[in-house]
Every structure is written in structure tokens, then in C-alpha cells.
Amino acid sequence: MREDEILVKRRSRMVRTASKAIIIQDSKILVIKKEDEIGPFYILPGGGQEHGENLYENLKRECMEEIGVEVEIDDLIFVRDYVGSNHGFEWDKGFHQLDLMFLCRIKEGQPAPAAGVIPDDGQIGVEWLPVKNLTDYRLYPMSMLPSIMDLESGKKPEKIYLGDVN
């Protein structure tokens with residue numbers, strides 16, 4: 001096996017860590033908008049941790065890149081695994097990511113959120129979705145939607161670890 005093949009194989013067995021922001025304001029959640037062949041879908045702002053970054057540094061950088069605002073980070077609220085081969089998508093078969101989702105607030109004095117300096121791959125916008133209607137949207141991971149709806153009403157989630165979900 002060639003050295004480059006070994007490296008690709010080793011990387012496909014590594015777990016990528018990522019931090020995500022749950023920003024709820026005025027009964028709406030801030031999300032990144034993307035689109036596929038089915039139509040629009042949404043994800044939380046945030047992304048992969050770089051070597052040498054702690055999770056807070058990672059999340060602050062990702063929010064500036066994707067939504068163009070500085071955030072204040074509060075509690076860790078959810079943890080989820082995403083093992084691509086368990087979800088039927090050929091394009092992410094060897095992918096495994098651990099998402100750490102934090103409640104966040106936009107720092108005072110920031111501009112309105114918009115696509116930042118380095119938008120996420122496939123990002124076509126930034127939107128505020130009404131929390132009470134989240135089940136009307138494809139916001140991933142979808143299994144956390146009821147818990148986010150509870151958060152908005154002041155109820156803490158019953159469990160933090162969501163499992164391997166999409």
C-alpha cells in the first residue's frame with residue numbers, strides 16, 4: 001500500500017471534533033441555509049476544530065467565518081456522534097464527527113448575522129427560523145428539534161448525548 005493510501009485510510013478512521021452554536025433570540029434560532037436536490041435544509045453554525053484550538057476558540061472562529069458575528073458561549077447543551085456510514089449517504093461513508101453544541105449569544109454591538117468571510121461549503125444564506133415551527137424545516141440533526149423547542153420555553157434537555165443521529 002502506498003504512503004498516500006495509508007494516510008487516507010488512517011484519516012477515514014479518525015474522529016473529527018466540531019463545535020456548533022445554538023443561538024436563540026426573540027423565539028427564533030439562527031441557522032445556516034444550504035440546498036440539495038430536495039430543496040433547502042439548515043444546519044447550526046460551527047465546524048471542525050483545528051489542531052491547537054480549544055472548543056471555544058473553534059466556535060468563535062467558525063461563527064465569524066460563517067455568520068459574520070462574534071458570539072459569547074454559554075453551556076454545552078448537546079453532544080452528538082455522526083457516523084456517515086450509518087446514514088446511507090455514499091459521499092460521507094468514511095466520515096465520523098463528534099459535534100459539541102453550545103448555547104450562544106451574539107455579542108452586543110455586532111452587525112446583523114450574514115454570510116461571513118469564509119462561508120461553509122454549500123452555504124447559500126443565514127436565516128432566523130421560528131423555534132415553534134422547527135419541525136416544518138429540515139434542520140439537522142432533526143432528532144434535537146423537540147429539545148431545542150423545549151429550550152426556547154426555558155426547559156433544560158433531559159439528556160445531553162443525542163447518539164449517532166442525523
Side-chain angles (χ1 to χ4, degrees), residues 15-49 55-56 58-60 62-93 95-107 110-116 119-166:
V15 177
R16 177 182 192 236
T17 54
S19 55
K20 302 285 184 170
I22 297 175
I23 303 168
I24 298 173
Q25 182 178 304
D26 300 325
S27 299
K28 294 180 180 175
I29 185 168
L30 185 63
V31 295
I32 291 173
K33 183 177 185 178
K34 294 186 169 201
E35 194 162 3
D36 61 14
E37 63 281 347
I38 300 171
F41 69 95
Y42 304 88
I43 62 171
L44 297 171
Q49 185 177 19
L55 288 170
Y56 281 18
N58 166 232
L59 189 52
K60 288 176 181 183
E62 287 285 344
C63 285
M64 280 303 293
E65 290 176 1
E66 296 176 354
I67 59 175
V69 294
E70 289 184 53
V71 296
E72 294 177 355
I73 302 170
D74 292 323
D75 296 335
L76 173 66
I77 204 77
F78 299 119
V79 176
R80 83 132 176 191
D81 270 303
Y82 177 81
V83 181
S85 59
N86 294 341
H87 298 284
F89 301 112
E90 191 62 37
W91 51 269
D92 66 353
K93 209 172 201 173
F95 186 68
H96 183 177
Q97 180 164 294
L98 181 69
D99 288 333
L100 298 126
M101 301 175 208
F102 295 87
L103 281 178
C104 296
R105 291 169 285 143
I106 297 172
K107 278 190 174 181
Q110 292 295 298
D120 199 35
D121 289 340
Q123 179 177 341
I124 60 172
V126 173
E127 289 188 16
W128 290 99
L129 301 180
V131 172
K132 69 178 182 178
N133 298 337
L134 280 185
T135 55
D136 295 342
Y137 300 92
R138 285 195 303 151
L139 171 59
Y140 295 105
M142 294 179 86
S143 61
M144 75 175 176
L145 299 186
S147 296
I148 288 179
M149 294 167 85
D150 286 345
L151 272 177
E152 205 277 322
S153 65
K155 184 178 173 191
K156 288 280 188 180
E158 290 180 21
K159 63 181 186 173
I160 291 176
Y161 181 64
L162 302 174
D164 175 16
V165 296
N166 189 22

Could you pull out all donor-acceptor pairs under 3.5 Å where a side-chain atom in residues 141-155 meets a protein atom, sequence neighbours excluded?
unit_1, atom_1, unit_2, atom_2, d
E152, OE2, S27, OG, 2.8
S153, OG, D150, O, 2.8

For residues 63-72, which side-chain N or O atoms pair as donor and acceptor with protein atoms under 3.5 Å away, sequence neighbours left out?
unit_1, atom_1, unit_2, atom_2, d
E65, OE1, R61, NH1, 3.3
E65, OE2, R61, NH1, 3.2
E66, OE1, G46, N, 2.8
E70, OE1, K107, NZ, 3.4
E72, OE1, R105, NH1, 3.0
E72, OE1, R105, NH2, 3.3

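Note that CG of D74 and SG of C104 are 7.0 Å apart. Values are rounded to the nearest 0.5 Å. Distance check: L30 CG to Y42 OH gives 12.0 Å after rounding to the nearest 0.5 Å. Atom CG in L134 sits 8.5 Å away from atom CG in D136 (nearest 0.5 Å). Rounding to the nearest 0.5 angstrom, the gap separating the NZ atom in K28 from the CD atom in E127 is 10.5 Å.
The shortest distance between side-chain heavy atoms of I77 and P157 falls below 4.5 Å. For the pair M101 and L76, the minimum side-chain heavy-atom distance is 4.5 Å or more. Residues I23 and I29 fail the side-chain proximity criterion, which asks for heavy atoms closer than 4.5 Å. Contact check for D120 versus I43: side-chain heavy atoms found under the 4.5 Å cut-off. Between V165 and F78, the closest side-chain pair of non-hydrogen atoms is not below 4.5 Å. Residues Q49 and L55 have side chains in contact (heavy-atom distance under 4.5 Å, counting atoms from C-beta outward). Between K33 and V31 the shortest side-chain heavy-atom distance does not fall below 4.5 Å. Taking the side chain as every heavy atom from C-beta outward, K60 and I73 approach each other to under 4.5 Å.
Contact record, V126 with A114: CG2-C, 3.7 Å, taken as the closest heavy-atom pair. The heavy-atom pair separating Q97 from A18 by the smallest distance is NE2-CB, 3.5 Å. Annotation for I106 and P113: closest pair CD1-CG, 3.6 Å, computed over non-hydrogen atoms. Between G47 and N58, the shortest heavy-atom contact is O-OD1, 3.2 Å.
D99 places no side-chain N or O within 3.5 Å of a backbone atom of S19 that could act as its donor or acceptor partner. Of the possible polar contacts, none joining the D81 side chain to the G163 backbone as a donor-acceptor pair under 3.5 Å is found.
For D75 and K156, the salt-bridge test passes: some basic side-chain N is under 4.0 Å from an acidic carboxylate O.
In this structure, Y82 and F95 have tilted ring planes: the angle between them lies in the 30° to 60° band.
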Evaluate the criterion salt bridge (Lys or Arg N to Asp or Glu O under 4.0 Å) for residue pair D36 and R138; output intermediate values, then yes/no.
CA-CA 11 Å; D36 61 14; R138 285 195 303 151; 2.8 Å; yes
Tell me, with the steps shown, if N166 and R80 meet side-chain contact (heavy atoms from CB on, under 4.5 Å).
CA-CA 9 Å; N166 189 22; R80 83 132 176 191; 4.1 Å; yes
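Side-chain atoms of D121 and Q123 form no donor-acceptor pair, as typed in the model, at a separation below 3.5 Å.
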